[in-house]
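Here the structure is laid out as C-alpha cells; the discussion comes afterwards.
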Amino acid sequence: MKPRTFAIIGCGKVGVTLSWHLAHIGYLPIGFASRRAASAHAAAESAGGGRVCRDPWEAAASADLVFITTPDAAIASIAACLAEQKGLKRGAVVLHCSGALSSEIIATVRRCGAYAGSLHPLQSFAAPTFPENPFQGIVMAGEGDDEALDLARDIAAGFQAVFLKIETAHKTLYHAAAVAASNYLVTLLAASTRLLEESGIAPENTLQVLLPLVRGTLKNIEKRGVADALTGPIARGDVATVEAHCRKIEQSLPDLLPFYQVLGHYTLPLVQGNVSVDKLRELAALLGRS
C-alpha cells in the first residue's frame with residue numbers, strides 16, 4: 001500500500017511532535033507551514049523531509065493528510081483559507097487537534113472534496129517529544145466524517161494509543177471533563193498546599209506531604225472505581241469534623257471556605273445510601289453555598 005503523505009499547518013510543540021511520530025510510523029512528510037518559518041523548519045527536520053512553505057495552501061496542496069495544529073482561535077480561518085485557495089486535493093483528510101472544538105469548525109474544507117475531523121491526544125505537551133512516544137497508552141479522541149475517523153483510528157493505532165470515538169455534538173463536554181480531571185487537579189492541589197502552609201508546613205515540603213496521598217487515591221480509583229474510592233469525613237458521615245474544617249478555614253483562609261464547601265457539596269451524592277439521611281441533611285447544611 002502506498003504510504004500516505006502528510007502536511008502540518010502550525011508547527012508548535014504538538015505539530016513538531018506529530019511530524020516526528022507520523023514519519024516514524026510510515027507517513028511521508030510533504031509540506032510544513034507556520035507563522036514562524038523557524039518552527040516549520042524544525043518540524044520538517046524532525047520528520048526528516050518535506051517542503052517548508054510560506055502559505056498553508058502550498059504546504060497542504062498535495063497531501064493525503066493535513067494536520068492543523070495552530071492555536072484554537074486560528075483553526076477556522078486556516079481551514080477557510082485552504083478552501084478558498086483550493087489548497088486541498090479531493091479525498092484528503094484534514095484533522096485538527098483541539099480538545100474543545102469539533103470538526104465542524106473546519107467544515108469549509110469539504111468544499112474541496114476533503115474530509116473533516118479532529119484527533120485530540122488526551123495528554124499535555126510541555127515541549128516537543130521524541131523519540132520517546134508521548135502517545136503510547138493514552139487516549140486519542142476522534143470525531144468527524146467517517147473517512148476522517150478511519151484515518152484517525154489508524155494513526156492512533158500506529159502511535160500505540162487507545163482510540164476513542166466521540167460524538168461531534170458532545171466534543172465540548174468531553175473537553176470540559178478533561179479540564180476538570182487535569183487542570184482543576186492542579187487548582188485543587190494549589191488550595192491544599194495553601195491549607196498545609198497555614199498549618200505550619202514549610203512550602204518546600206507541601207508536595208512531599210500531598211503527592212503520596214494523591215497517588216494512593218488514584219490507585220484506589222483505578223482498582224475500585226470513583227465512588228468506592230472515597231474515604232474521609234463525608235464518607236463516614238462525620239459532621240463534627242466537617243464542621244471543624246469549615247470553622248477553621250473561615251478563620252484562617254476565608255477565601256477558601258466556598259471552595260471547600262462546593263467540593264463537599266458535590267461529594268454528597270457519592271455517599272447516598274451509605275450515610276444516614278439525617279447525617280446527609282446536616283452535612284448539606286454545613287456545605288451550603290449561600
Side-chain angles (χ1 to χ4, degrees), residues 12-14 16-17 99-100 120-141 159-162 174-271 274-275 279 283-284 286-289:
K13 293 172 289 191
V14 174
V16 173
T17 300
H120 176 245
L122 200 54
Q123 181 63 281
S124 59
F125 291 84
T129 306
F130 52 86
E132 178 188 351
N133 183 2
F135 305 103
Q136 185 173 5
I138 72 165
V139 165
M140 296 187 79
F159 287 171
Q160 302 175 56
V162 177
Y174 151 83
H175 190 246
V179 166
S182 178
N183 304 159
Y184 294 165
L185 176 59
V186 176
T187 306
L188 179 62
L189 285 174
S192 298
T193 57
R194 285 186 62 198
L195 289 165
L196 272 186
E197 289 171 22
E198 188 67 19
S199 77
I201 304 297
E204 62 271 20
N205 294 331
T206 55
L207 288 180
Q208 183 182 358
V209 173
L210 291 172
L211 287 181
L213 177 62
V214 172
R215 293 188 187 105
T217 302
L218 290 174
K219 286 181 182 178
N220 288 338
I221 290 171
E222 189 173 9
K223 290 179 182 177
R224 302 170 60 87
V226 173
D228 288 342
L230 184 68
T231 61
I234 291 180
R236 298 191 301 269
D238 186 347
V239 176
T241 295
V242 174
E243 184 176 18
H245 288 175
C246 291
R247 186 168 57 248
K248 192 63 178 178
I249 293 170
E250 187 172 28
Q251 292 171 0
S252 304
L253 294 168
D255 63 302
L256 287 183
L257 179 59
F259 182 82
Y260 179 92
Q261 289 175 312
V262 167
L263 292 174
H265 173 82
Y266 283 100
T267 303
L268 292 178
L270 299 178
V271 302
N274 296 321
V275 173
K279 295 289 187 184
L283 287 166
L286 280 171
L287 298 169
R289 290 172 289 165

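- Residues His175 and Val179 are in side-chain contact: their nearest non-hydrogen atoms beyond the backbone lie under 4.5 Å apart.
- Taking CG of Leu196 as the reference point, atom CD of Glu198 lies at 11.0 Å (rounded to 0.5 Å).
- With a 4.5 Å cut-off on side-chain heavy atoms, Val16 and Phe130 count as touching.
- Between Arg194 and Asp255, some side-chain heavy-atom pair lies under the 4.5 Å cut-off.
- Val275 and Arg236 get closest at one heavy-atom pair: CG2-C, 4.4 Å.
- For the atom pair CG of Leu283 and CD of Glu243, the computed distance is 10.0 Å after rounding to the nearest 0.5 Å.
- Of all heavy-atom pairs spanning Thr241 and Asp238, the tightest one is OG1-OD2, 2.6 Å.
- Contact detail for His245 and Pro233: the closest heavy-atom pair is CE1-CG, 4.2 Å.
- Shown here is Gln251, whose CD atom has more than 12 heavy atoms of other residues, nucleotides or ligands within 6.0 Å.
- With contacts defined as side-chain heavy-atom distances shorter than 4.5 Å, the pair Tyr266/Val262 qualifies.
- Annotation: the span from Gln123 atom CD to Ser182 atom OG amounts to 8.5 Å, rounded to 0.5 Å.
- Here the shortest heavy-atom pairing between Cys246 and Gln261 reads SG-CG, 4.5 Å.
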request  = Before giving the answer on side chain to side chain contact (heavy atoms under 4.5 Å, CB included), spell out for Leu263 and Leu188 the whole-Å C-alpha distance, their side-chain angles and the decisive distance to 0.1 Å.
outcome  = CA-CA 10 Å; Leu263 292 174; Leu188 179 62; 3.5 Å; yes
key: Thr17/Phe135 under side chain to side chain contact (heavy atoms under 4.5 Å, CB included): CA gap, chis, key distance, verdict   = CA-CA 10 Å; Thr17 300; Phe135 305 103; 3.9 Å; yes
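- A side-chain donor-acceptor contact under 3.5 Å links Asn133 to the backbone of Phe159.
- Around atom CD of Glu132, no more than 12 heavy atoms belonging to other residues, nucleotides or ligands sit under 6.0 Å away.
- Atoms NZ and CG, on Lys223 and Leu218 in that order, are 12.0 Å from each other to the nearest 0.5 Å.
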key: Trace of the side chain to side chain contact (heavy atoms under 4.5 Å, CB included) decision for Ile249 with Phe259   = CA-CA 10 Å; Ile249 293 170; Phe259 182 82; over 6 Å; no
ask   = Would Ile234 and Leu287 count as a side chain to side chain contact (heavy atoms under 4.5 Å, CB included) if you check the C-alpha gap in whole Å, the side-chain angles of each, and the deciding distance to 0.1 Å?
value = CA-CA 11 Å; Ile234 291 180; Leu287 298 169; 4.0 Å; yes
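- Residues Asn205 and Ile201 approach most closely at CB-CG2, 4.0 Å, considering heavy atoms.
- Gly137 approaches Val162 most closely through the heavy-atom pair O-CG2, 4.3 Å.
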